[in-house]
Amino acid sequence: MTLSTGHSAALDFAQPEPPDLSSGKYVKLWQGPQHPGITGNMSLELVLDGDTIVSCKTHVGYLHRGFEKLMERRSFIQNFTVVCRIAVPEPTFNEYLYSHAVEEISGIEVPERAIWLRTMNLELMRLASFLMWIGGQSGAFGQYTVPNWTLAYRDYVLDLFEEMTGARIYHMYIVPGGVRAGLPDGFEERAREIMKGAEKLLDQIERVMFNNVVFKARSKGLGIITPDMVDPYGIVGPNARACGLARDIRKDEPYLAYDRLDFETISGNEADAYGRAYLRLQETRQSINLIRQCLDHAPTDGPFQADMPNVLHWKVPAGETYVKAECTRGEYGYYMVTDGSEFVRRVHVRGPSYTHAIAVMERLAVGTNIADIAGLMVSLHTYPPEIER
Amino acid sequence: MNELLERLQRHFDVNNINVLKPGMTTLKIGKDSAEILIRELRDREGYTHLNFITCIDYIEDGIFTLVYMLHNYDSKHTLGVHVDIDREHEEMTSIHTLWAQAWTYQRELREMYGINFPGSPRLDEDFCLEGWDQIPPMRREFDTRVFSEERFGHREGRHSEVPRVHMKMELYPKRGGDEE
Amino acid sequence: MLEWLGKVGDFSLTLLIVTLYGLLVGAYIERVIAKVQGRIGIPYSQPFINILKNFFKRTAVSHGVMFYLGPVFRIAGGIGTLAFIPVIYGNEMFSNFSMSGDLFLVIYFMFFGQLGMALGAGESGHPYSAIGIARGLSQMTAYEVPFALAVISIVIQYDTLSITEIVAAQQGGWQNWTLFTNWVATLAAMLAFLGMTGYSPFDIFLAPQEIPIGPPTEFHSAYLGLLQTNRALFGATKLILFMNLFFGGATGWVELMIKTLLIYMVAIVVGVAFPRFRVDQGIRFFLKIPTVIGILSIIYVQMVLLS
Amino acid sequence: MIKTLGTEDTLENAGLTDEEQQLFSNARPRAYEPYPIKAVEDFANWARANSLWILAFGTGCGAIELRPLMTARFDANRFGVAGRPTPRQSSVFIIGGYASVKTLKRIIRSYEQMQGPKFVIALGICPINGGMYFDSYNTVNRFDQYIPVDLYITGCMPRPEVLVAGIMELQNKIKAGRCDGANRYVENFDWYKANQKKVIKNWDMPDYNW
């Protein structure tokens with residue numbers, strides 16, 4: 001399928017005129033930050049005409065901790081405890097990308113076993129995050145059975161993390177130079193069992209949620225992203241793949257062990273909320289498949305950590321790099337500039353929600369019903385901490 | 001790849017071309033022709049994806065280096081366009097007409113570094129901070145630790161250590177932390 | 001006079017039993033939902049503790065006179081509805097103030113509470129309350145159409161406006177229940193019942209993810225305690241009304257409990273499986289199939305049963 | 001309803017415009033007394049402890065472990081804990097870790113709208129002394145300078161098991177009548193307000209959000 005992704009002149013991203021609130025025709029409504037229908041701690045400033053939204057403004061910054069500033073005054077190894085806190089549902093991607101950027105600049109080779117363990121860790125993270133997302137999408141449309149199932153099952157995946165890394169949420173497992181530990185005894189069998197259960201759960205969810213007539217009625221036609229929006233709006237990940245673009249960093253520019261894994265980029269052809277949700281369901285299955293492959297191929301012995309300089313005196317040579325990985329929401333990137341000192345000069349974290357939650361959301365929200373805002377928001381899979389960092 | 005760089009060198013005053021790794025190159029261009037270069041890259045060379053815009057503060061040289069990271073999905077190549085601007089007259093041409101998310105980045109840079117992008121929409125609205133009354137926080141002269149202790153106080157009993165010094169004291173207590 | 005006072009005393013007892021039963025059945029239903037979701041769910045005492053807690057709150061902010069009166073109207077609507085429904089058939093003590101023509105009065109009272117609530121929530125000034133009210137009232141208008149048609153159908157069928165007489169006509173075995181004699185009207189009414197209970201997919205006026213719980217957003221402390229009491233009472237009352245109209249009524253408390261629980265289950269089975277409709281979709285739903293079934297039920301009565 | 005009390009007992013509401021001053025109450029909050037009969041108070045505390053409604057406001061990363069807590073695996077519903085989407089009806093405010101200045105303003109607003117008795121649980125080390133964000137320019141270091149905290153739960157993230165244990169501890173404290181954070185807030189109202197206004201520079205809300 002060929003699609004035009006070029007920039008067309010017809011698309012204009014001019015800010016719409018603010019509606020005249022004093023006319024008494026509109027209602028201004030803040031959705032968030034204290035609102036159960038919002039993803040994380042952010043808020044939408046909505047102007048309504050009846051039930052229809054005429055203007056939407058995203059407000060972020062409620063979780064701003066100034067990570068990029070903090071990292072400039074922490075040594076390289078101290079940074080490592082900070083980075084995973086940037087995104088709570090997927091901390092592993094921060095760990096990996098930070099470690100990868102440092103390794104790339106200082107030329108550290110990561111051992112083979114660590115590469116496989118990292119790949120497995122990232123895929124487990126994708127699985128856990130997708131499970132939570134499916135629950136969120138279902139809950140946003142008022143179906144509370146599926147979130148209970150998926151969140152409970154996500155806990156089993158978190159148990160795997162706990163075995164592997166010692167922590168449920170903030171693993172701090174992928175360190176510069178490798179990983180912190182190998183796999184415990186019996187991990188493989190337990191992981192396979194949980195993968196089996198996850199597949200069964202996904203089948204049930206497909207029956208309960210995706211074949212549900214009301215879910216279809218709510219999500220079909222909601223928040224359509226056309227292919228010519230993708231590049232001008234910087235849309236990445238499942239949101240872009242759902243409208244037919246086969247773009248997956250894992251396939252296009254393979255990192256870690258992804259060039260040795262057998263998988264295909266999934267792309268859909270319905271770019272509405274339903275299409276995106278269904279694509280993510282398939283990606284969840286893909287993640288399960290990839291975890292199985294990692295379990296098959298991962299070497300069980302050998303070093304999992306490269307020789308590292310004394311981290312207390314660690315000076316990384318001057319350099320610059322941009323590394324990226326495919327997280328559940330799309331391209332997650334770390335841009336790092338070093339100047340040869342013990343401290344990093346500049347780190348910029350590129351989160352996919354940056355554009356999804358602000359530019360895309362503000363455009364897609366206009367004209368939708370107030371009832372669909374929560375569903376639309378979740379359907380774009382936005383997560384505020386990676387916007388404001 | 002080299003053809004592209006040659007083409008760019010023919011038409012623009014680009015310098016400091018730096019091939020960081022296969023699939024990623026950075027180059028530097030003057031402030032005035034940067035917007036035209038970026039537009040050219042987007043429309044003619046297929047760099048249709050804007051990864052991000054960011055800024056590096058080189059306080060010792062008195063410059064801000066703006067970094068526009070562009071990506072070409074067809075050639076799978078990332079191009080970093082570096083633009084130096086004066087730290088005292090921090091102003092840059094806005095590219096909000098090229099990408100829909102560009103104004104968000106510019107709004108962030110305005111807040112975090114104080115860089116002005118004339119014409120960029122909603123530039124002076126609060127982005128992350130609210131009621132900020134200091135110099136922009138990401139500038140290197142802003143000391144976040146001092147500010148934090150002044151503004152938010154300090155709880156008795158908490159102290160933080162430099163790990164290197166702390167580990168020296170732990171490992172070589174008799175020698176007063178002297179390693180040698 | 002004394003007789004009348006005794007009647008009030010009897011009604012108070014009914015009210016107490018029905019409210020307690022409503023709270024208990026609410027807890028049970030919560031536990032059933034929890035089971036479907038893989039949880040254990042709340043203890044049976046939880047609804048009682050919640051209400052107690054709300055009455056024990058030490059501060060309460062008022063938004064005006066109507067804000068006070070909203071929950072009062074609501075519970076008055078609940079009590080009023082129950083007052084004219086005979087709870088146990090053939091038992092003088094629990095037949096309340098049932099009289100000829102009470103069916104219309106009951107339907108009126110069911111509206112009354114909602115309208116009072118609408119005034120109270122409107123006074124709170126919260127935009128989500130206002131949206132919730134608009135949604136709730138429009139949905140109510142929509143589901144009242146099939147319900148009213150079904151009621152008209154059985155009124156024609158039994159040729160009476162008295163609930164007691166309708167129940168009396170259904171006595172003498174399950175084959176006399178409206179469910180079997182006039183299944184078309186029962187179907188229309190049960191579809192309306194889904195909207196009436198406010199579970200998914202028709203919980204659009206509460207909709208936590210959209211308009212944080214809608215009309216009662218600003219209600220708290222004792223106001224909320226009253227609303228919760230009414231929710232239990234009104235919920236049980238609606239069940240009793242449906243049981244009387246369509247499922248043959250009850251001659252004892254045990255029969256009442258079994259029947260109402262089963263009727264409630266209809267809403268729960270649908271509720272746990274479906275997401276929520278958007279408000280326009282919900283209204284369209286009621287005005288399409290259930291309304292058509294409602295009209296058909298009248299035709300059915302006229303053409304089949306009475307010919 | 002606009003409450004206007006005597007001048008010596010009112011708040012200034014200096015952050016509001018004249019027009020807005022008409023809309024907001026300027027009354028001071030008052031501490032609430034326990035019921036005169038001890039048995040009634042104990043019974044009330046028992047009811048309060050067994051019906052903890054948590055405000056659905058994920059102020060920080062701690063919110064991520066509240067979902068497992070409320071859903072099938074840990075199911076806090078068993079203990080009478082439920083989520084509540086509006087501050088008016090909730091009695092427990094869970095501060096999910098660090099509080100940035102922008103969020104702190106919303107926390108204050110939500111907290112003051114909650115009806116007493118109300119309780120605050122703070123998760124992690126960040127609200128105690130800043131944690132790993134001790135030098136951040138946008139997160140507060142000592143949360144209890146702005147809002148009184150009844151219970152701290154340690155860990156980053158606190159695991160759901162710890163949250164359950166913390167909730168039980170809170171229940172014990174409430175039953176023993178030792179959760180008086182809301183009263184402390186009222187008694188030291190001026191001190192709290194001064195601290196809040198020290199960090200929140202654009203104070204454009206009433207001094208007490210009724």
Side-chain angles (χ1 to χ4, degrees), chain B residues 52 54-57 59 64 87 90 103-115 122-167 169-170, chain D residues 14-17 59-61 95 97-110 122 124-149 152 154 156 188 191-207:
Chain B
F52 60 85
T54 190
C55 173
I56 311 162
D57 186 356
I59 189 168
F64 282 136
R87 236 172 153 273
E90 63 283 53
W103 65 267
T104 320
Y105 285 106
Q106 291 171 358
R107 198 168 134 207
E108 186 185 345
L109 290 175
R110 171 71 174 170
E111 188 174 80
M112 292 294 164
Y113 289 92
I115 302 169
R122 290 162 67 184
L123 190 64
D124 289 316
E125 273 180 37
D126 285 338
F127 185 65
C128 286
L129 308 169
E130 205 177 49
W132 187 252
D133 52 357
Q134 307 283 315
I135 55 168
M138 281 299 283
R139 286 181 174 236
R140 278 186 95 84
E141 69 258 37
F142 176 76
D143 191 332
T144 170
R145 172 111 196 239
V146 171
F147 174 78
S148 167
E149 287 199 352
E150 269 175 18
R151 178 70 59 95
F152 305 122
H154 175 83
R155 186 182 283 273
E156 292 305 312
R158 170 174 180 133
H159 61 278
S160 49
E161 314 221 23
V162 180
R164 190 168 44 185
V165 179
H166 176 73
M167 285 308 287
M169 293 301 290
E170 288 279 306
Chain D
L16 299 177
T17 61
T59 61
C61 33
I95 307 294
Y98 61 91
S100 72
V101 175
K102 201 169 176 176
T103 308
L104 181 67
K105 193 172 162 187
R106 276 76 183 173
I107 290 177
I108 293 166
R109 237 188 148 142
S110 304
I125 197 86
C126 309
I128 300 178
N129 58 19
M132 64 172 53
Y133 313 118
F134 71 100
D135 53 351
S136 167
Y137 52 84
N138 202 36
T139 60
V140 299
N141 282 354
R142 292 185 56 184
F143 188 78
D144 59 356
Q145 286 192 327
Y146 313 102
I147 298 283
V149 178
Y152 290 100
T154 182
C156 181
N188 307 314
W191 184 77
Y192 279 112
K193 273 297 146 191
N195 285 342
Q196 288 167 3
K197 285 183 178 173
K198 192 183 161 206
V199 294
I200 298 171
K201 290 295 173 185
N202 61 338
W203 188 274
D204 53 0
M205 57 183 186
D207 284 347

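Residue numbers begin at 1 in each chain, while the letters A, B, ... track the order of the sequences.
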Run the numbers on D:Lys201 and B:Leu129 for side chain to side chain contact (heavy atoms under 4.5 Å, CB included), then give the verdict. CA-CA 11 Å; D:Lys201 290 295 173 185; B:Leu129 308 169; over 6 Å; no

Test item: B:Arg158 side-chain N/O and D:Gly131 main-chain N/O as donor-acceptor pair under 3.5 Å: yes

Given heavy-atom pairs under 4.5 angstrom as the criterion, report whether the side chain, backbone, both or neither of B:Glu150 touches chain D. backbone

Between D:Ile200 and chain B, with a heavy-atom cut-off of 4.5 Å, which part of the residue counts as in contact: side chain, backbone, both or neither? neither

With a sphere of 6.0 Å drawn around CD of B:Glu156, does it hold more than 12 non-hydrogen atoms of other residues, nucleotides or ligands? no

For the atom pair OG1 (D:Thr103) and CD (B:Glu130), what is the distance rounded to the nearest 0.5 Å? 9.0 Å

Against chain B, work out which of D:Asp204, D:Val101, D:Asn195, D:Ile128 has the most heavy-atom pairs shorter than 4.5 Å and name it. D:Ile128

Please report the closest heavy-atom contact between B:Phe147 and D:Tyr137, naming both atoms and the distance. CE2-O, 3.4 Å

Non-hydrogen atoms of D:Ser136 and B:Thr144 that approach each other most closely: C-OG1, 3.5 Å

With a 4.5 angstrom heavy-atom cut-off, which part of D:Ser100 approaches chain B: side chain, backbone, both or neither? neither

Which value, rounded to the nearest 0.5 Å, describes the distance between B:Glu149 atom CD and D:Phe134 atom CZ? 8.0 Å

d(B:Phe152 CZ, D:Asn138 CG) to nearest 0.5 Å is 6.5 Å

Rounded to the nearest 0.5 Å, what's the gap from NZ on D:Lys102 to CH2 on B:Trp132? Could you check? 13.0 Å

Tightest non-hydrogen contact, residues D:Val199 and B:Arg151, listed as CG1-O, 3.6 Å

Chain B contact via D:Tyr146 - side chain, backbone, both or neither, heavy atoms under 4.5 Å: side chain

Verify, without hydrogens or angle tests, whether D:Asn141 (side chain) and B:Gly153 (backbone) share a donor-acceptor contact under 3.5 angstrom. yes

